[in-house]
K.L.:
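Once you've had a glance at the structure underneath, I'll fire off some questions.
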Amino acid sequence: MKILETKSLKKHYGKKTNIVKAIDGVNISIEEGEFVAIVGTSGSGKSTLLHMIGGLDRPTDGEVIIDGKNIFEMDDNKLAIFRRRKIGFIFQSYNLVPVLNVWENITLPIGLDEKKVDKDYVKNIMDMLGIYDKRDSLPSELSGGQQQRTAIARALATKPSIILADEPTGNLDSKTEQEVMSLIKLSVKNYHQTIIMITHNEKIAQMADRVIRIEDGQVKENGGLKDEHYIK
Ligand code: ADP
Ligand code: ADP
């Protein structure tokens, strides 16, 4: 079943004389449960695309449709609630709240939604990520890798149907990276989650069901080795 679709999606910055077409007519369609890697050189438009897919940034033109709903028809408040319910973000800037400890940071999105915190589930994720013993620490007391794993735990804790990730393991050594990727894949499988991940890492791209290559704001490749409809 299709979970997400973009239609003629565009994001242009600047004035007519000096226009940057960061995303310029992107049409992609993503199935529930797919793991999609987004690749492309720096400045090709990957982050801009991911932000619009997640409703963090409004397009200049075009649509993002999630579960059949054009998300940009919602006002900012409705969109924020929709994001919190549906989407887990794992970004490079971890956006941890400095005055809250690790446990509070991870359970914050659940608390906001007034759903009951599944403490065993959260503990389990934290255990697997090796940060449960850091639950009382503040973000400033953690290493970069521990902060990254806290942000990953926070994104998984709400069991979102879509996970959007921008180089989620960029700060981890390769052993930890493999462990974190395995955990993400396990979560995705158990909860039928869809994952869309920007990566420069060949090994991670190879784990994906499909690779979408962005160049100059447009889709230049959309497929994978496992995909019979691979186009290049
Ligand atoms: P990537 O994630 O692939 O590195 P980005 O989506 O960050 O690429 O950027 C795509 C293009 O859009 C770049 O040329 C970048 O400079 C430009 N861009 C991104 N954000 C802004 C902004 N807020 N204002 C102006 N230009 C921007
Ligand atoms: P970059 O990829 O360029 O390092 P990020 O993708 O981490 O930047 O963040 C881009 C923007 O998205 C920032 O303004 C940040 O505050 C916002 N952002 C990141 N995560 C969330 C979230 N979970 N909810 C709302 N906004 C977020």
Side-chain angles (χ1 to χ4, degrees), residues 3-30 34-66 70-72 74-76 79-80 82-83 86-96 144-145 147-148 151-152 154-155 160 162-172 177 180-181 184 194-224 230-232:
I3 189 163
L4 188 148
E5 188 179 15
T6 72
K7 286 187 177 168
S8 306
L9 195 65
K10 294 191 176 113
K11 182 75 181 184
H12 293 179
Y13 292 108
K15 300 258 160 62
K16 272 184 190 138
T17 47
N18 190 18
I19 200 160
V20 176
K21 297 179 174 179
I23 285 296
D24 199 27
V26 165
N27 297 290
I28 54 176
S29 173
I30 292 170
E34 251 195 306
F35 172 9
V36 175
I38 297 184
V39 303
T41 53
S42 180
S44 57
K46 304 180 297 297
S47 299
T48 304
L49 177 61
L50 203 71
H51 285 163
M52 287 193 288
I53 286 174
L56 293 172
D57 212 358
R58 285 181 187 269
T60 309
D61 200 11
E63 296 174 8
V64 171
I65 296 160
I66 297 179
N70 178 355
I71 64 168
F72 294 111
M74 289 182 260
D75 63 25
D76 287 352
L79 193 53
F82 178 84
R83 269 204 308 267
K86 274 262 168 214
I87 301 175
F89 294 94
I90 312 173
F91 285 158
Q92 284 160 15
S93 53
Y94 315 123
N95 299 305
L96 301 175
Q147 290 179 36
Q148 190 154 42
I152 292 167
R154 180 187 53 189
I162 301 174
I163 296 170
L164 300 180
D166 189 349
E167 296 278 359
T169 58
N171 237 320
L172 307 176
E177 176 174 74
V180 168
M181 282 306 300
I184 291 175
T194 306
I195 181 156
I196 306 172
M197 181 183 290
I198 295 177
T199 185
H200 285 102
N201 185 318
E202 282 287 332
K203 265 193 280 176
I204 291 179
Q206 280 167 11
M207 291 171 82
D209 299 314
R210 179 149 62 116
V211 174
I212 293 178
R213 182 177 304 278
I214 304 293
E215 264 177 43
D216 297 329
Q218 297 181 335
V219 175
K220 278 291 134 65
E221 231 179 277
N222 186 356
Y230 183 61
I231 53 155
K232 187 167 179 170

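Both ligands and their constituent atoms are indexed starting at 1 by order of listing.
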K.L.:
Strictly distance-based, threshold 3.5 Å: is any side-chain N or O of E215 a donor or acceptor partner for the main-chain N or O of G40?
P.N.:
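Pair absent, no side-chain N/O of E215 close to backbone of G40.
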K.L.:
What distance separates T60 OG1 from K21 NZ, expressed to the nearest 0.5 Å?
P.N.:
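Spacing of OG1 (T60) from NZ (K21) equals 11.0 Å.
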K.L.:
Does the D57 side chain pair with the main chain of M52, one donor and one acceptor, at a distance under 3.5 Å?
P.N.:
no
K.L.:
Okay, side chain of K46, backbone of T41: is any donor-acceptor separation there less than 3.5 Å?
P.N.:
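Yes; at least one donor-acceptor contact below 3.5 Å.
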K.L.:
In residues 5-14, what donor-acceptor pairs under 3.5 Å come from side-chain atoms, sequence neighbours left out?
P.N.:
from, atom 1, to, atom 2, distance (Å)
E5, OE2, K2, NZ, 3.4
T6, OG1, V26, O, 2.8
T6, OG1, I28, N, 3.0
K11, NZ, R58, O, 2.6
H12, NE2, D24, OD1, 3.0

K.L.:
Does Q218 use its side chain to pair, donor to acceptor, with the backbone of G25 at less than 3.5 Å?
P.N.:
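Not confirmed, Q218 side chain does not pair with G25 backbone.
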K.L.:
Run through all N or O atoms in ligand 1 and write down each protein N or O closer than 3.5 Å, as a pair with its distance.
P.N.:
from, atom 1, to, atom 2, distance (Å)
ligand 1, 2 (O), S47, N, 2.8
ligand 1, 2 (O), S47, OG, 2.8
ligand 1, 3 (O), S44, N, 3.2
ligand 1, 3 (O), S44, OG, 3.3
ligand 1, 3 (O), G45, N, 3.0
ligand 1, 3 (O), K46, N, 2.9
ligand 1, 3 (O), K46, NZ, 2.8
ligand 1, 4 (O), G43, N, 2.7
ligand 1, 6 (O), T48, N, 3.0
ligand 1, 6 (O), T48, OG1, 2.5
ligand 1, 8 (O), G45, N, 3.1

